[in-house]
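This report refers to the structure that appears directly beneath it.
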There are 2 protein chains.
Amino acid sequence: MEEEKSLAKENLILQAARKRFAYYGFSKVTMDEIARDIGMGKASLYYYFPTKESLFKAVISHELDEFLEQAKELLKANISAAEKLDQYVRQRLQYFRELINLSKLSFHSLYEMKPLFGDLFEVFARGELEIITQILLEGNEKDELSVENPRQTAELLLHILQGLRLRILPKVHETFINEEHYEQLREEMLLFVNIFLRGIEKKNRRG
Amino acid sequence: MEEEKSLAKENLILQAARKRFAYYGFSKVTMDEIARDIGMGKASLYYYFPTKESLFKAVISHELDEFLEQAKELLKANISAAEKLDQYVRQRLQYFRELINLSKLSFHSLYEMKPLFGDLFEVFARGELEIITQILLEGNEKDELSVENPRQTAELLLHILQGLRLRILPKVHETFINEEHYEQLREEMLLFVNIFLRGIEKKNRRG
């Protein structure tokens, strides 16, 4: 009972913090404001999250979990493996953009903040790899795809998405991600997925 | 006549410098040694190349030109567009490795030295883009490939190769490129090209 109450409070804090971060950006938000938002004493807030960084980390962690949950739902959908992969990449792009908005940090700053997040991103990367591998395996089983080594291919797909993102990183060095960069990245990733999907499709299946 | 002699001398210097750089690495080579190698006075050498950096830049520029020349030869070969692309990526990998060996610099250092090279790499990138676009256009014409936007697709291909390389860059931060990293990159790029090629192949062409 006590534990439940505690979890509910934590969630309340996370939601309030998420809103503030998304609106004002990481650096402009204070712990005072978040405490006030939910009518909580500052001491109580610090009991749950001893620093703003730890609160921010918890918000990001929560977002990552939500994304993976959403992706697992996609796995169950009644659509082809190719459609699942396409959807996955679109959701991933959208999510990545939200993550950037959340921090109001540039690509580069978020990248440099990585050490703060510890193994958070590694755990996330493993989760992503599992999901993509699963989609490829399923595609093979249903005779939609012809993927020789699903795990290696899933890794390649994720590495390419990561690489395409890293490529434009130096260009946005000290600036926020703007619409132009995002659109460029989006267009490139979707063209890539399109070609990639045709490349792993089982031959002679269509037309 | 005088000009020819001068060009011949310049080539002599470039060849000697290339050998030394490849064997000892950029930082360990002195201008004295290069001058001695070809029995040239130091003053004469400095007349052609006022600094070791400018000589190194000329060597790299020469290598880049040679690679593009070699690639243009590939364009004329009597093989399919898909084979040309595959060959191109293999040659590119090999060449990139030689470039690294030439400087005996880590990935990272070479990347950081980029400002020294000015627009050298940009000119090279444009050359590469032209060649890949040409291969794709030819593949379309011969009904081997089905590429909607050859230039954009050529750009995507090059961006992916670049991105895959950038991805492993942070890992080799202060070390030389080792066999393991190179093999990892090579394997990944070849798997990618394989899938990419199947993705742009004209459908129903093969059994």
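This is a predicted model, so every value here is computed, not measured. A note on names: the letters A, B, ... follow the listed sequences, proteins ahead of strands, and every chain is numbered from 1.
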Sequence neighbours excluded, every pair satisfying ring pair (Phe, Tyr, Trp, His ring centres under 6.0 Å) that has a member inside residues 59-80 of chain B: B:Phe67-B:Tyr88, B:Phe67-B:Tyr95, B:Phe67-B:Phe124
For residues 187-198 of chain A, which residue pairs qualify under side-chain hydrogen bond (donor to acceptor under 3.5 Å, both in side chains), counting only residues two or more places apart or in two chains? A:Glu187-B:Gln152, A:Glu188-B:His159, A:Asn194-A:Arg198
Check this for me: B:Glu66, atom CD, are more than 12 non-hydrogen atoms of other residues, nucleotides or ligands nearer than 6.0 Å? yes
Does A:Lys9 NZ have over 12 foreign heavy atoms under 6.0 Å away? no
Interatomic spacing from CG in B:Leu164 to CG in A:Leu164 - rounded to 0.5 Å: 8.0 Å
Enter the distance from A:Ile195:CD1 to B:Glu201:CD here, rounded to the nearest 0.5 Å. 12.5 Å
One should read off an interatomic distance between B:Gln162 CD and A:Leu166 CG, to the nearest 0.5 angstrom, of 11.0 Å
State, with a plain yes or no, whether a side-chain heavy atom of B:Leu191 is found less than 4.5 Å away from one of A:Asn149. no
